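One structure below.
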Amino acid sequence: MSRPASLRTTFAVVLAAIAVLSSTGTIALVVLSQRSRQASEELGGCVERQLVVEDVQRDVLLLDRARNPALRENLGRDAVARLQRVVELAPTPEERAPAESALATLVAHVADRTRPDVDPASFREDVVAEGALAALEQLERNRLSQARARADELARTANVVGAATGFVVVLGTLLLIAMVRRRVVRPLLGVSTRMAAFGRGDLSVRVEERGPLELQEMARAFNVMVDRLATQEQAHRTYLAAVAHDLRNPIQTLRLAVASQASAASDRVLTIVGRQLDRLDRLVGDLLDTASLRAGRLELALGEHDLRDVARNVANLFAGTSPQHTLVVDLPNEPVTVKCDATRIEQVVTNLVTNAIKYSPEGGTVKLSVASADDTATICVRDEGVGMTPDQVEAAFAPFSRGDELRKSVKGHGLGLFVARRLVDEHGGTIDVESTPGHGSCFTVRLRCDAT
């Protein structure tokens, strides 16, 4: 298989071809221009000789009719001088010979007509002189026609060559543009599109290796990089799944053990243990969800659910878990029904409430509210905790993101908000946060209402 041409080589070849064609056309136009100028000069000479010969014929006619000797002498001298001019204007010996023959005949004719002893009344028509001048005049007329025809032919040829040169340049430019578009722009757009998809987390994208050598090498390097990252991501997901599986097995065993040992005396202790097991299970779930969301494999069980029920379930989950925090639930009287995966939305709210409690180390009120307006349902979780700066707000939803030293002292792995946002995104909703350092934060989830 032949090695593809590089972009530089392709451009050089195309531009060289256009330059050669343009140079050839330019040289042809220069040659035609010189020949046209020569033809114009020749045409001008023919016109001038034609007019001079006509003037000579007129002078001879006047000479034959003049009665005044001085006038005849002047007319004869002028006629001879004009015909000598015709001889001088002839460009070649071949064209000069007929004019010289006519000049000799004219000189003899003028000498005969200007003798002192000649009687003008005896003048007769000089067939020889008039015939020589008529023949010369016809010859110059023919030469004029031929010169005009040559000039016209050169002009037409120059027009054709000029149009052809312009057409070649325009066609070459269009071909160059088409080549650049097909061999450079389209592959580059393909690379750009696939890189954008890769930036959004799609590790299945690959770039077609086509176009100039440089683009093929770029595409090949990109594909190798994506293959390696995909392999690493797959290994990472496999590892997370194995870890989560190994963690969930003892969690389930502990749950069964706690349930089997339940008694009135140990209810409080077992309840605490059960809640901690639930919390640990949620952490493992977040870890698995993070891997699934980043791989784009999360599936939703959609149905119509009342968000008030979701809020009540979360409130019951956190009841009594943190004595220094007060969980306030504000629910409307009317149902707030949305099409969603209730388990996943409950997971979102649970993560937000967990986050609110963690980042309110001094205690305080955590308010969970549900509302609806027009076709939008909202779930708000407000706390009175440490709050965040604008930079921290910007990074809050990144995986494994943590804040300043105070936030780093709080236990957690930085997955809760990342999972919450991705789950809301999967539902076609949005999640926003308003926060002020030292005055707490308010997270708002917005979902579209499909039923009321």
Side-chain angles (χ1 to χ4, degrees), residues 199-201 279-280 282-294 298 307 310-311 314-315 317-319 321-331 340 344-371 373 376-447:
R200 293 191 296 268
R279 180 172 178 271
L280 182 58
R282 287 197 302 273
L283 290 175
V284 174
D286 284 345
L287 190 63
L288 285 175
D289 288 340
T290 299
S292 298
L293 287 168
R294 299 185 77 172
L298 186 68
L307 292 183
V310 172
V314 174
L317 181 65
F318 284 92
T321 58
S322 178
Q324 58 188 4
H325 293 87
T326 301
L327 179 60
V328 177
V329 181
D330 182 12
L331 304 177
C340 66
R344 294 301 184 182
I345 296 301
E346 185 174 323
Q347 182 180 355
V348 170
V349 180
T350 299
N351 286 352
L352 294 180
V353 173
T354 300
N355 205 63
I357 292 174
K358 282 197 303 183
Y359 291 107
S360 302
E362 302 298 328
T365 300
V366 175
K367 183 177 181 182
L368 170 61
S369 62
V370 175
T376 301
T378 59
I379 304 173
C380 295
V381 177
R382 184 183 299 275
D383 64 64
E384 299 173 345
V386 296
M388 293 182 287
T389 65
D391 290 339
Q392 291 169 343
V393 169
E394 186 70 23
F397 294 98
F400 307 105
S401 172
R402 309 292 290 158
D404 54 21
E405 293 302 321
L406 176 60
R407 299 174 68 83
K408 290 180 181 178
S409 66
V410 179
K411 295 181 179 180
H413 299 86
L415 292 176
L417 292 182
F418 170 75
V419 172
R421 165 164 278 183
R422 293 300 299 270
L423 289 176
V424 172
D425 290 341
E426 292 291 325
H427 283 81
T430 62
I431 180 170
D432 303 310
V433 58
E434 296 179 0
S435 185
T436 303
H439 294 82
S441 304
C442 179
F443 289 83
T444 303
V445 176
R446 293 181 175 84
L447 301 171

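This chain uses plain numbering: 1 for the first residue, then up along the sequence. Nothing here was measured: the structure is a model prediction, and the numbers come from that model.
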**Item:** Interatomic distance, I357 atom CD1 to F318 atom CZ [nearest 0.5 angstrom]
**Value:** 5.0 Å

**Prompt:** Does H427 use its side chain to pair, donor to acceptor, with the backbone of D425 at less than 3.5 Å?
**Reply:** no

**Message:** Just verifying a value: how many Å separate N355 CG and F443 CZ, rounded to the nearest 0.5 Å?
**Reply:** 5.5 Å

**Item:** Test item: S435 side-chain N/O and G440 main-chain N/O as donor-acceptor pair under 3.5 Å
**Value:** yes

**Prompt:** Could you give the distance from NZ (K358) to CG (N351), rounded to the nearest 0.5 Å?
**Reply:** 8.5 Å

Donor-acceptor contacts under 3.5 Å from residues 360-369 side chains, at least two apart:
{"residue": "S360", "atom": "OG", "partner": "A356", "partner atom": "O", "Å": "2.7"}
{"residue": "S360", "atom": "OG", "partner": "G385", "partner atom": "N", "Å": "3.4"}

**Asked** Taking only residues two or more places apart in sequence or in another chain, which ones pass side-chain contact (heavy atoms from CB on, under 4.5 Å) with T444?
**Response** T378, C380, C442, R446

**Request:** Using the side chain to side chain contact (heavy atoms under 4.5 Å, CB included) rule, pick out the option among T350, V348, V349 that qualifies with E346.
**Result:** T350

**Prompt:** Which residues pass the side-chain hydrogen bond (donor to acceptor under 3.5 Å, both in side chains) test with H325, sequence neighbours left out?
**Reply:** S322

**Asked** Excluding sequence neighbours, so at least two apart, what forms side-chain contact (heavy atoms from CB on, under 4.5 Å) with A377?
**Response** L307, V336, V338, C449

**Asked** Could you state the interatomic distance from CD (E434) to CE (M388), rounded to the nearest 0.5 Å?
**Response** 10.5 Å

**Asked** How far apart are the closest heavy atoms of A315 and V329, and which atoms are they?
**Response** CB-CG2, 3.6 Å

**Distance-minimising heavy-atom pair for I431 and R421** = O-NH2, 3.2 Å

**Asked** Which distance, rounded to the nearest 0.5 Å, do you find between the CG of L327 and the CG of D383?
**Response** 11.5 Å

**Asked** Is the closest side-chain heavy-atom distance between L352 and V314 below 4.5 Å?
**Response** no

